[in-house]
Amino acid sequence: MITLVKGFHDILPDETRKWAFMMSTARESLERFGFREIIPPIMEKTELFQRGIGEVTDIVEKEMYTFEDRGGESLSLRPEATAGVLRAVVEHSLLRKDPLLKLYCIGPMFRRERPSKGRYRQFFQVNAEILGDDSPYTDAEAVAAAYSIMTDIGATGLMMEINSVGCPNCRAEYRKLLQTFFKDRTKDLCSDCRRRLEANPMRILDCKVPECAHMVKDAPLVTDSLDEPCREHFREVREALEILEIPNRLEPRMVRGLDYYTRTAFEIVHEELGRSKAVGGGGRYDNLLKDLGGPDASGIGFAIGLERLSMGIPDDHPRFRRRIDVYVALLGQGAGPMGLTVVNMLRSNGISVETRYSPMSLKAQMKLADKIGARKVIMIGDDELARREVTIRDMRTKDQTTVGIDGIVKLLQGDES
RNA sequence: GAGAGUGUAGCUCAGCUGGCAGAGCACAGGGUUGUGGCCCCUGUGGCCGUGGGUUCGAGUCCCAUCACUCUCCCCA
């Protein structure tokens, strides 16, 4: 047997209604916020991700599906959506037509990590970007959009964690403070963190080793190192979140994985999954567009992981149940031609119909109709055949009526209203 | 990349110190000759992950291997 690629997963017929619901709900929420959909390809030149995400990040260094195509060019499956979206924006000069752009896309991302619960090598993300506005209210709107998607989908147990990582100026300052702080305590740090102290001291804040975590409690906070403009920006973001009544928690030790973030950073965490498993996350990136050869415009975006979001909502919601308008039960050989006529007529009128052509007992067909969630069953047997009629049974009320073949559609459609 | 656990029916899992391969659900048929959900009866369905070893005999013990799951790391 040829099996799935490790870390990939099939979404099976019993789950697709839930997935369709999540995606259409996300679309509706985002359209309500004025976002428009963009559908970039799932593959880009490797160089785009190297420049966009940063060459020294884990994602680019060891998690990308990178290969050389037959022309000798290095290509990569997208590990995240922002780089591709911004590439399209720059390439087609979209910001010239719309100086404020709100875009979203939904689709699979690829990262070659070790799979575990809620972590796949191919995973679906809803991704949204607001480009061309650095107002703090725009940050709040991005957070609100992310929050709205999740509440519209019906996820529970979620918490919005928010922080500001400052601009490159404040960060240089903060970095020095951190290094000074940890330098005296180097011997108590874990080996990873000793390495991080030089390379990227902010990573220490995220360490799960008890000794490090204990020390981090007393470490200086980024929020204390913000310069005046950044401090004011963050204050207004938080004020806006209050006005929007979005439950949030200041998480001054939260740092995000991608280097390009400036100022506002946020994560949506599932309380039950714990801090290490974010359902969504995002932040502001005021230099990324320019770094990708575009205009000097700011941006803020977020991504929501659908596999993880789906863990927060029940599988058995009635709306995820299979539904069909009519099951047509054919009884006996002679019913075939008339059955085909009826089935075809109903479908042409927008009614969803399922039927079986191989002989089955009526009992078995009733069971089947019940299983697939048919609202009505149309029975065609010898009696009906002789009179050019059908018997229609309402599966919920058990009422049965007989109607001539030409009256079926009218009867069913009259029932709808 | 490091650690732990689990592989037995389509699914969830029992299977004791080695001795005929099991249950529930699902599926099919019947109880009701043309009427669903509940109930009852019957049936289909297994290279016991794979390869080797120990043994009269291995689902069970040993070795190897593969796959999956979980934890750490990192993220969505």
Side-chain angles (χ1 to χ4, degrees), chain A residues 1-9 12 14 53 57-63 78-82 106-127 146 149-150 158 190-193 195-196 200 203 206-210 212 254-258 266-270 273-282 301-312 327 329-332 335 359-385 390-400:
Chain A
M1 184 173 51
I2 299 172
T3 57
L4 265 169
V5 177
K6 187 189 183 79
F8 285 56
H9 67 290
L12 299 173
D14 281 345
I53 301 168
T57 55
D58 278 3
I59 292 181
V60 170
E61 272 180 338
K62 44 190 187 192
E63 294 175 359
R78 60 184 182 192
E80 55 106 49
T82 303
I106 301 178
M109 307 296 153
F110 305 85
R111 288 184 205 172
R112 219 198 102 94
E113 296 177 274
R114 184 81 144 222
S116 66
K117 191 182 180 67
R119 205 230 305 293
Y120 298 94
R121 288 181 173 182
Q122 174 182 303
F123 55 99
F124 276 76
Q125 280 190 346
V126 173
N127 182 271
I149 291 172
M150 315 236 233
L158 298 173
C190 71
S191 56
D192 277 345
C193 285
R195 189 169 47 77
R196 288 167 181 151
N200 192 352
R203 280 264 154 273
D206 225 11
C207 189
K208 306 293 189 300
V209 176
C212 301
M254 180 183 66
V255 292
R256 294 195 41 80
L258 305 169
F266 62 97
E267 268 180 17
I268 304 116
V269 297
H270 198 137
L273 298 175
R275 257 197 85 351
S276 58
K277 290 268 167 63
V279 176
F302 65 85
I304 294 174
L306 288 183
E307 283 81 0
R308 288 184 187 176
L309 185 57
S310 124
M311 291 192 289
Y327 177 85
L330 308 178
L331 308 167
M360 276 171 82
S361 70
L362 180 58
K363 183 188 170 88
Q365 299 200 66
M366 292 301 290
K367 274 179 114 157
L368 177 62
D370 187 57
K371 189 174 81 173
I372 65 179
R375 285 173 242 262
K376 298 250 196 312
V377 170
I378 289 182
M379 283 166 270
I380 305 175
D382 293 342
D383 299 348
E384 287 85 356
L385 217 48
V390 299
T391 300
I392 302 182
R393 177 181 178 84
D394 184 299
M395 292 296 272
R396 198 173 48 80
T397 65
K398 300 186 179 186
D399 291 341
Q400 288 193 190

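Reminder, nothing fancy here: chain letters follow the sequence lines and each chain counts from 1. On a predicted model such as this, the values are computed, not experimentally measured, just so you know. Side-chain atoms are counted along with the backbone in the values below, which use heavy atoms only and exclude waters and symmetry mates.
At whole-Å resolution of the value, CD1 in A:I380 and C1' in B:rG34 are 13 Å apart. B:rG31 atom P lies 17 Å from atom CE of A:M366, rounded to whole Å. As rounded to whole Å, 18 Å separates atom P of B:rU35 from atom CG of A:D399. Put simply, CG on A:D382 is 10 Å from C1' on B:rG34, counting in whole angstrom units. Atoms CD (A:E267) and P (B:rC74) sit 12 Å apart, rounded to a whole Å. Following rounding to the nearest Å, A:D14 (CG) and B:rC25 (P) show an atom-to-atom distance of 19 Å. Atoms CD (A:E113) and C1' (B:rA76) sit 9 Å apart, rounded to a whole Å. Atom CD1 in A:I106 sits roughly 14 Å away from atom C1' in B:rA76 (whole-Å rounding).
Among the heavy atoms of the strands, none lies under 4.0 Å from A:N127. Residue contacts shown for A:Q122 are absent, as no nucleic acid heavy atom lies under 4.0 Å away. Counting non-hydrogen atoms under 4.0 angstrom, A:M379 reaches a base of the nucleic acid. Residue-level contact check: A:L331 touches the bases, meaning some heavy atom is under 4.0 Å from a base atom. Using a 4.0 Å heavy-atom cutoff across all strands shown, A:E80 reaches no nucleic acid atom at all. Here A:G381 lies in heavy-atom contact (under 4.0 Å) with a base.
Checking B:rC74, B:rA76, B:rG34 against the side-chain heavy atoms of A:T391 singles out B:rG34 as nearest.
For A:K6, the side chain to side chain contact (heavy atoms under 4.5 Å, CB included) partners two or more places apart in sequence, or in a different chain, are A:P115, A:R121. Taking A:Q365 as the reference, A:Y327 meet the side chain to side chain donor-acceptor pair (under 3.5 Å) condition, with sequence neighbours excluded. For A:F110, there are no ring pair (Phe, Tyr, Trp, His ring centres under 6.0 Å) partners two or more places apart in sequence or in a different chain. With sequence neighbours excluded, no residue forms a side chain to side chain contact (heavy atoms under 4.5 Å, CB included) with A:R114. A:E113 pairs by the salt bridge (charged side-chain N to carboxylate O under 4.0 Å, His left out) definition with A:R119, not counting sequence neighbours. With sequence neighbours excluded, the residues forming a ring pair (Phe, Tyr, Trp, His ring centres under 6.0 Å) with A:Y120 are A:H9, listed by chain and number. Every residue was checked against the side chain to side chain donor-acceptor pair (under 3.5 Å) condition with A:Q122, not counting sequence neighbours, and none meets it. Residues that satisfy the side chain to side chain donor-acceptor pair (under 3.5 Å) test with A:E384, not counting sequence neighbours, are A:T391.
Minimum heavy-atom separation, A:F302 to A:I304: CE1-CD1, 3.9 Å. A:I53 and A:E80 make their closest contact through CD1-CG, 3.6 Å (heavy atoms, listed as atom of the first residue, atom of the second, distance).
Rounding to the nearest 0.5 Å places CD1 of A:I59 at 11.5 Å from CE of A:M109. Atoms CG and CG, on A:L368 and A:L362 in that order, are 11.5 Å from each other to the nearest 0.5 Å.
B:rU54 and B:rG10: their C1' atoms are spaced 35 Å apart (whole Å). Atom name C1', nucleotides B:rC66 and B:rG24: the rounded distance is 30 Å, in whole Å. One P atom belongs to B:rG59, the other to B:rA21, and the distance between them is 8 Å to the nearest Å. When the P atom is used for both B:rC74 and B:rG18, the distance is 46 Å, rounded to whole Å. Nucleotides B:rC72 and B:rG19, compared at atom P, are 39 Å apart to the nearest Å. The gap from the P atom of B:rG3 to that of B:rA64 amounts to 14 Å, rounded to the nearest Å. Distance noted for atom C1' between B:rA58 and B:rG45: 24 Å (whole Å). The gap from the C1' atom of B:rA9 to that of B:rA26 amounts to 11 Å, rounded to the nearest Å.
Put simply, the side chain of A:E384 and the base of B:rG34 share a donor and an acceptor less than 3.5 Å apart. Not a single donor-acceptor contact under 3.5 angstrom links the side-chain atoms of A:Q365 to the base of B:rU35.
Side chain of A:R393 to main chain of A:V377: no donor-acceptor pair is present (N/O by atom type, distance under 3.5 Å, no hydrogens or angles). A donor-acceptor pair under 3.5 Å links the side-chain atoms of A:R78 to the main chain of A:P108, judged by distance alone. Without hydrogens or angle criteria, A:R308 side chain to A:G280 main chain gives no donor-acceptor distance under 3.5 Å.
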| For RNA chain B, what is the dot-bracket line, given that a base pair needs Watson-Crick (N1 to N3, plus N6-O4 or O6-N4) or G-U wobble (N1-O2 and O6-N3) geometry with both distances under 3.5 Å, and | means paired with another strand? | (((((((..((((.....[..)))).(((((.......))))).....(((((..]....))))))))))))....
Between protein and nucleotides 64-71 of chain B, what N or O pairs are separated by less than 3.5 Å?
residue, atom, partner, partner atom, Å
B:rC68, OP2, A:K6, NZ, 3.1
B:rC70, OP1, A:K117, N, 3.3
B:rC70, OP2, A:K117, N, 2.8

Grab the N/O contacts between the protein and nucleotides 26-30 of chain B below 3.5 Å, and write none if there aren't any.
none

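Counting heavy atoms from C-beta on, the side chains of A:N127 and A:T82 come closer than 4.5 Å.
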| task | Go along nucleotides 5-11 of chain B 5' to 3' and tag each nucleotide: B for a protein heavy atom under 4.0 Å from its base, S when only backbone or sugar atoms are that close, - otherwise. | result | -------
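Both A:R393 and A:I59 sit near RNA chain B, but only A:R393 has its closest nucleotide nearer the 5' end.
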